[in-house]
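The block underneath contains the structure these notes are about, expressed in structure tokens.
First listed ligand is number 1; within each ligand, the first listed atom is number 1. Computed from heavy atoms alone, side chains included, the values below leave out hydrogens, waters and symmetry copies.
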Amino acid sequence: MNFIRKLSSISSMGIYRNFSGSSVHNDKYSCKLLVIGGGSGGCTIASKFVRRLKAKDSVIVLEPSLDHYYQPLWTLVGAGVTKLSTTCRPEQLCLPEKAKWIRDKAECINAAENCVTTVEGHVIQYEYLVVAVGLENDYDKVPGLCEALVDPDSSVSTIYSWQYAEKTASDLNKFKGGDAIFTYPDTPIKCPGAPQKIAYLADSYFTKSGVRSKANMMYNTCLPVIFGVKKYADALLKVAQRKQIRVNYKTVLKGVTHDRREAVFVNKDDNEEMTMKYDLLHVTPPMRTPECIRCNADIVDQSGFLTVDKYTLQHTKYKNIYGIGDCTNTPNSKTAAAIAKQCYVLELNLLSTMKKNSPREKYNGYGACPLLTSFNTCILAEFLYDGEVHETLPFNQARESIIAFYMKKELFPFLYWNFMLKGYYHGPEFVRRIVNPLAKN
Ligand code: FAD
Ligand code: UQ1
């Protein structure tokens, strides 16, 4: 049923547009391909398959949100460089026109029966399924964190949410000196570089605002290293040292008492608790997969991640299911850059499966992380499975460069909105082949 709905999201204020949806509960739908999640991975795959499967309503996308965010720019929103509104577009404009959008949430995936039920009670029968539900913040895992985040005067924020990224910028602006603490949690997270990027940007911000000499900065990470790939870890340690940011390893945030401005941390080696006073606290919250997959032991591992083959991206038990992006158990860095590469592999392999052949294409674990180190420099980490360095540009990318900063700020968002979401961007491999034709991997 077609009807007109007012899009009341921040990006779509004042825009009215037709879209196909349903106002009646307990509808039944069926399709060749169902994509659950209309974020980076979901839009990209839907765009590819509306071109491949030409029949009407071949592709259904199940996605509850009216807004689509380009999350990688939230780091620069937190640093006060980018406006939140530039990171957001109406979902309607990101999904391919020819896909049928059901604006609802998956509740239960019955993989044995090839069907999904939604929170509003619809039932969707599919032949093939792509799961692209991403990761969600698990604020409740840290007692006191929710209360601290919602209090506008708490000086506790996170760039990992559109709701609080602007609060980070305002906290940096209000900071007049004292203890500034940045955290990294004890769960898998998306963009594992961002928790330290915001610390480096805060250092540059405080230098500019003249309060750096009065600030004591600390990065408390659950990990035993600053970054998972040694080449970049060595470079980043020098950045942290130069900026006089103390790095505490194996140190996990366990609670926040925001009226006393205290945070409790635990040391993972000896379980010793430490209470630290803060004047600014930037939290990277623990993360988890959404409930619709996390609680379905038939399709996920013990941590709640969709079990797929790390090379083919095909589900390990159900051959008509594939996974893409942050919600799968592939051991790559969870980034949009990884999805650019994964979508190409998934497209070819799912097409093979549709033709009753085995999947042949292999994902090599490509991931990339532009580690902003100031308001005009960046270390552009690129690597494959097992931390194998895999750089595109004709210089040592572990060196801080101005060009990488502007790629992150201008080029990547442009590629994302105009090519990746439309299914035409598969990562920078083509550039690498031109720039570096003799490279062996
Ligand atoms: P998402 O894009 O998060 O989409 C998941 C979608 O699923 C959402 O739209 C959600 O509404 C939907 N969904 C959830 N539950 C359900 C349900 N039950 N039913 C239906 N739909 C559901 N990547 C980089 O490459 N470079 C960077 O510099 C970078 N920096 C980052 C900085 C920050 C602060 C953050 C937060 C992320 C950053 N990333 C970066 C990571 C990147 O944004 C993610 O890896 C990417 O967006 C993941 O895409 P996805 O499709 O897996 O999940
Ligand atoms: C990338 O391709 C990409 O997608 C558009 C990003 O944005 C989310 C990135 O952050 C990075 C690092 C890449 C990798 C691209 C090059 C040219 C190194």
Is the contact between [X] and ligand 1 made by the side chain, the backbone, both, or neither, using heavy atoms and a 4.0 Å cut-off?
| X | result |
| --- | --- |
| Ala132 | backbone |
| Lys197 | side chain |
| Ala337 | both |
| Gln71 | both |

What is the nearest protein non-hydrogen atom to [atom], stated with its residue, atom name and distance?
| atom | value |
| --- | --- |
| atom 26 (N) of ligand 1 | Pro370 CD, 3.9 Å |
| atom 9 (O) of ligand 1 | Glu63 OE1, 2.6 Å |
| atom 30 (N) of ligand 1 | Cys191 SG, 3.2 Å |
| atom 23 (N) of ligand 1 | Ala336 N, 3.1 Å |
| atom 18 (N) of ligand 1 | Ala106 O, 3.1 Å |
| atom 53 (O) of ligand 1 | Gly134 CA, 3.4 Å |
| atom 28 (O) of ligand 1 | Lys408 NZ, 2.8 Å |
| atom 14 (C) of ligand 1 | Val133 O, 3.5 Å |

By side chain to side chain donor-acceptor pair (under 3.5 Å) - contacts of Thr373 (at least two apart): Thr377, Glu400
Can you list everything that forms a side chain to side chain donor-acceptor pair (under 3.5 Å) with Asp151? Sequence neighbours excluded, please. His258
Do [X] and [Y] have side-chain heavy atoms sitting under 4.5 Å apart?
| X | Y | answer |
| --- | --- | --- |
| Val150 | Tyr164 | yes |
| Ser352 | Glu361 | no |
| Ile60 | Gln125 | no |
| Met354 | Glu127 | no |
| Leu129 | Tyr318 | no |

What atoms of ligand 1 come within less than 4.0 Å of a heavy atom belonging to [X]?
| X | value |
| --- | --- |
| Ile36 | 19 (N), 20 (C) |
| Pro290 | 14 (C), 15 (N) |
| Lys105 | 19 (N) |
| Leu62 | 20 (C), 21 (N) |
| Gly39 | 2 (O), 4 (O), 6 (C), 9 (O), 51 (O) |
| Tyr160 | 36 (C) |
| Cys292 | 18 (N) |
| Thr75 | 32 (C), 34 (C) |

Salt bridge (charged side-chain N to carboxylate O under 4.0 Å, His left out) partners for Arg246, two or more places apart: none
Would you find more than 12 non-hydrogen atoms of other residues, nucleotides or ligands less than 6.0 Å from [X] atom [atom1]?
| X | atom1 | answer |
| --- | --- | --- |
| Lys83 | NZ | no |
| Lys208 | NZ | no |
| Phe395 | CZ | yes |
| Glu291 | CD | no |

Among Pro72, Ala368, Gly41, Pro64, which one has a heavy atom closest to atom 22 (C) of ligand 1? Pro64
Dump the pairs for me: ligand 2 N or O, protein N or O, distance under 3.5 Å, to 0.1 Å.
{"unit_1": "ligand 2", "atom_1": "2 (O)", "unit_2": "Tyr425", "atom_2": "OH", "d": "2.6"}
{"unit_1": "ligand 2", "atom_1": "7 (O)", "unit_2": "Tyr70", "atom_2": "OH", "d": "3.3"}

State whether a side-chain donor-acceptor pair under 3.5 Å links [X] with [Y].
| X | Y | value |
| --- | --- | --- |
| Lys98 | Ser58 | no |
| Tyr139 | Thr158 | no |
| Ser154 | Lys167 | yes |
| Glu429 | His390 | yes |

Is Cys327 in contact with ligand 1, taking contact as a heavy-atom separation below 4.0 Å? no
Quiz item: cation-pi between Lys310 and Tyr385, 6.0 Å / 45°: yes
Please say whether [X] places an N or O atom under 3.5 Å from an N or O atom belonging to ligand 1.
| X | value |
| --- | --- |
| Leu135 | no |
| Ser40 | yes |
| Ile159 | no |
| Ile339 | no |
| Asp326 | yes |

Any salt bridge between Glu347 and Arg52, counting N to O under 4.0 Å? yes
Result for ring pair (Phe, Tyr, Trp, His ring centres under 6.0 Å) between Trp74 and one of Tyr69, Trp162, Tyr160 points to Tyr69
